[in-house]
Number of protein chains: 2
Amino acid sequence: MAAFRLTVDLVVLTIRAGALNVLLVQRGIPPYQGEWALPGGFVLDDEDLDAAAVRELREETGVTAVGAGHLEQLRTYGAPGRDPRGRVVSVAYLALLPDLPAPTAGSDASGAAWHPLPGPCLAFDHREILRDGVERARAKLEYTSLGAAFCPAEFTIAELRAVYEAVWHTTLDPRNFHRKVTTTDGFVAPTGERRTGVGRPAELFRRGEAEVLHPPIMRPART
Amino acid sequence: MAAFRLTVDLVVLTIRAGALNVLLVQRGIPPYQGEWALPGGFVLDDEDLDAAAVRELREETGVTAVGAGHLEQLRTYGAPGRDPRGRVVSVAYLALLPDLPAPTAGSDASGAAWHPLPGPCLAFDHREILRDGVERARAKLEYTSLGAAFCPAEFTIAELRAVYEAVWHTTLDPRNFHRKVTTTDGFVAPTGERRTGVGRPAELFRRGEAEVLHPPIMRPART
DNA sequence: TCAAAAGTGTTGCCGGTACACCCATGG
DNA sequence: CCATGGGTGTACCGGCAACACTTTTGA
């Protein structure tokens, strides 16, 4: 019945240089000043939780285009003592975004940067939150079309395949991947345009409407 | 940065008479006095969230044997205005339990009872929470061995099959179901005993160790 | 010995993997 | 015309649904 303070913390993932990266901020104020942490902050008085997550993402990292990617609630962490400032409960969110220009540090952060996993030591219980977020992202890619959240608005099938290969550290057969993705209803939508480069030009696609697909859409290869 | 109050609310599901049922309490105090609601209450000052869920389940319903079933965090609901008493954020939990003797009403509830879905109108945003909980339960039964959480400590394969049939309102082939469940590693463990009745005695099983099984373990039939 | 429920063997189908092959462009 | 990457056709293989069949009890 006591009073709690509420924060949102964000596990922001993207693909950079063929590997899964997480967005971290360097704390500019105590506690844990100078250490790396997940971006986040206190929920405002009359603010919805989802809105707080979007706001913190923008304020602390300069990322505005959430619509391009994917944002969902991950889990709530409320162990007593997880924050030295007192009883602070954190609602964690998971964000999947296309690779963006270097983030800008916000008000409470002295720096914001992408880190390849597993990343450095983290403040609070953020290591645990990050682990849960990555696990959720890996799992969701198996039975949803969320891999496309890591891609820009228009992308080739090869780019989408690179996402799955990075998240699972595997290689997938390009031919079978192409067939699977283009024949599964609601996964991707063709734009009609093509991107030229070395070799035959690749058709460009947008994200399809479907998000959760009933049969598992793709599974990490066993090798 | 303001002060919040924190509650846990529980979506407690079981199978009764071949159908999915939810445990509801009739509110004994305002707001929404007299209406049905999910069991739950305020988190104590130095209490972990999971501990609060276990405590509320016991206090409001008399259910103590959580170890027999399954309890997991579902989602957190924090829209401003969801509670007329002020800014109250609720961490919802999902519990799957074997069918138990009629629950006893606790301190803040004038009655506690099982309701077949979809159940009556509910206080607060509990209708939404219930919908999310049922959806999660249905989804998890597809790719985990959690169906056994609805069964008592020892059960027959036919009883376990009845769980899946109730949750998905389908019929499953008894022969194929038996094979699938007994040959999948970690799903069930034989006790060596048998339960006699009409027809050939059925072998008794306990829950296996595995919870999340990588390949989807079972899917609702199409008919 | 019959009904009823438990449990096993077998077949055919469907979907996925592996891989040969064709297409379209730049150099 | 060759290298490079995009995209299609097809054969094999494993898992699952369907269902015939055997086992074990009570009445």
Side-chain angles (χ1 to χ4, degrees), chain A residues 18 141-145 147-148 151 154-165 168 170-206 213-223, chain B residues 18 141-145 147-148 151 154-165 168 170-206 213-223:
Chain A
L141 257 62
E142 275 186 43
Y143 58 95
T144 70
S145 58
C151 294
E154 302 200 341
F155 53 88
T156 66
I157 300 297
E159 287 170 347
L160 181 59
R161 178 167 47 84
V163 167
Y164 284 81
E165 292 178 335
W168 290 332
T170 48
T171 60
L172 298 168
D173 186 294
R175 287 98 30 127
N176 292 333
F177 184 88
H178 183 281
R179 195 192 342 256
K180 180 79 176 180
V181 162
T182 52
T183 60
T184 300
D185 213 53
F187 202 130
V188 293
T191 65
E193 295 174 35
R194 297 181 160 269
R195 173 176 301 167
T196 179
V198 175
R200 173 175 172 177
E203 199 173 355
L204 285 172
F205 293 84
R206 265 189 280 275
L213 305 161
H214 203 58
I217 204 51
M218 192 136 293
R219 208 186 315 285
R222 65 263 127 203
T223 322
Chain B
L141 256 63
E142 275 187 42
Y143 57 97
T144 71
S145 58
C151 294
E154 301 200 342
F155 53 88
T156 67
I157 300 297
E159 287 169 346
L160 182 59
R161 177 166 46 85
V163 166
Y164 284 81
E165 292 178 334
W168 291 332
T170 48
T171 60
L172 298 168
D173 186 293
R175 288 87 46 114
N176 292 333
F177 184 89
H178 183 280
R179 195 190 346 254
K180 180 78 175 181
V181 162
T182 52
T183 60
T184 299
D185 212 53
F187 201 130
V188 294
T191 65
E193 295 175 35
R194 297 183 158 271
R195 174 175 301 166
T196 179
V198 174
R200 174 174 171 177
E203 198 173 356
L204 284 172
F205 292 84
R206 263 190 281 275
L213 305 162
H214 203 59
I217 205 49
M218 191 134 295
R219 210 187 311 286
R222 64 266 126 202
T223 321

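Throughout, a chain's letter reflects where its sequence line sits, starting with A, and its residues are numbered from 1.
Distances shorter than 4.0 Å separate some side-chain N or O of H178(B) from OP1 or OP2 on dG7(C).
A residue-by-residue look at A202(A) and R179(A) shows that A202(A) has its nearest nucleotide of DNA chain D further toward the 5' end.
dG16(C) atom C1' lies 16 Å from atom OH of Y164(A), rounded to whole Å. Atom-to-atom, CD of E203(B) to P of dT24(D) comes out at 12 Å; the value is rounded to the nearest Å. The interatomic distance linking N176(B) (CG) with dG9(C) (P) rounds to 14 Å, in whole Å. The nearest whole Å value for the distance from the CZ atom in R195(B) to the C1' atom in dT25(D) is 15 Å. Between Y143(A) atom OH and dG16(C) atom C1' the separation is 21 Å, expressed in whole Å. Atoms CZ (F177(A)) and C1' (dA18(C)) sit 17 Å apart, rounded to a whole Å. Here dT24(D) presents its P atom at 19 Å from CD of E193(B), a figure rounded to the nearest Å. Atom pair D173(B):CG and dC13(C):P shows a separation of 18 Å (rounding to whole Å applied).
With sequence neighbours excluded, no residue satisfies salt bridge (charged side-chain N to carboxylate O under 4.0 Å, His left out) with R179(B). Not a single salt bridge (charged side-chain N to carboxylate O under 4.0 Å, His left out) links E203(A) to another residue, sequence neighbours left out.
Taking OH of Y164(A) as the reference point, atom OG1 of T171(A) lies at 16.0 Å (rounded to 0.5 Å). One distance of note links OG1 of T191(B) with CD of E154(B); it measures 4.5 Å at 0.5 Å rounding.
Under 4.0 Å is where a charged nitrogen must lie from a carboxylate oxygen, and between E159(B) and R195(B) at least one such pair does.
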Reading 5' to 3' through nucleotides 21-27 of chain C, protein heavy-atom contacts under 4.0 Å coded B for base, S for sugar-phosphate only, - for none: B-BBBS-
Chi angles and distances behind the side chain to side chain contact (heavy atoms under 4.5 Å, CB included) call for F205(A), F187(A): CA-CA 10 Å; F205(A) 293 84; F187(A) 202 130; over 6 Å; no
